[in-house]
Amino acid sequence: MLLDLVFPRSCVVCGSDGAVLCEVCEARLERLGSPCCDRCGAPTAWPVARCRECAGRRIAFARARAAVAYDDSAKRLVGAWKERGQRTLAELAAELVNGVVARPDADTITFVPADQDRLLRRGHNPAQRLAEGLAASWRLPVVPLLERAPGRAPQKGPTLAERRRNVRGAFSLAGPVPSAVVFVDDVYTSGATVSAAASALRKGGARRVEVVTFARAVR
Ligand SMILES: [Zn+2]
Ligand SMILES: [Zn+2]
């Protein structure tokens, strides 16, 4: 690839020469398998239906799953993937998800829409690339089902409650919604964004929305 000539390859986590993610750093990424909360995917000591993190909250998605914990290594990987837009990193993320998350029972895969500013600056939507990678192995069509509602630029509020308020109503439908949808984002942090997106999809007619992300914040 041309980019390889411009940027010699080095590990995006530790900086060592060679692969874009070296074997040591790849092995060290903390995989999030089971046991976990069946609903939100938070790692737990034993399998539970709802956990401390999600119990009592209104959540529009049926379940959320992620490949790795959003620790410092994963943050560096996601940062490089978003800013440099290397396709290799999106493919790598899809591979890691595939190794941890079982194929959801769905008929369509969609992704969080990029806000226009970021899309223009980066020239790509990381979540879309991840969805495309997963769609290939899960044999599902990728359909852009959501748009950013106009005038609702995402703001990162300092508190969880503010973040939840900020994303409410942030998405509108881009077209007809099938009944079982996989929704893809790069990182699950508070769950507010994915729940707002799932809520829009449910209002649009989806019976079931499963969330899949590359990484997940672990409290
Ligand atoms: Zn490394
Ligand atoms: Zn939970």
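Whatever order the structure lists ligands and atoms in, that order sets their numbers, starting from 1. Any value given below was found using the heavy atoms of this structure, including those in side chains, with hydrogens, waters and symmetry copies removed.
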pair [X]-[Y]: side-chain heavy atoms closer than 4.5 Å:
{"X": "V97", "Y": "W138", "result": "yes"}
{"X": "D105", "Y": "R208", "result": "no"}
{"X": "C40", "Y": "R216", "result": "yes"}
{"X": "R84", "Y": "H124", "result": "no"}
{"X": "V187", "Y": "T213", "result": "no"}

Practice item. Anything protein N/O/S under 2.8 Å from the Zn ion (ligand 1)? Just list residue and atom, please. Key: C11 SG, C14 SG, C22 SG, C25 SG

Practice item. Could you tally the protein N/O/S atoms lying less than 2.8 Å away from the Zn ion (ligand 2)? Key: 4

Review point. Would you say R31's side chain and L29's backbone share a donor-acceptor pair under 3.5 angstrom?
Key: yes

Review point. With the threshold set at 4.0 Å, does a side-chain nitrogen-carboxylate oxygen contact exist between R121 and E83?
Key: yes

Revision key, fill the gap. ring-ring contact (aromatic ring centres under 6.0 Å, His included) pairs touching residues 52-93, sequence neighbours excluded, are W81-F214

Practice item. Kindly state each residue pair satisfying side-chain hydrogen bond (donor to acceptor under 3.5 Å, both in side chains) with at least one member in residues 33-52, sequence neighbours excluded. Key: D38-R63, D38-R65

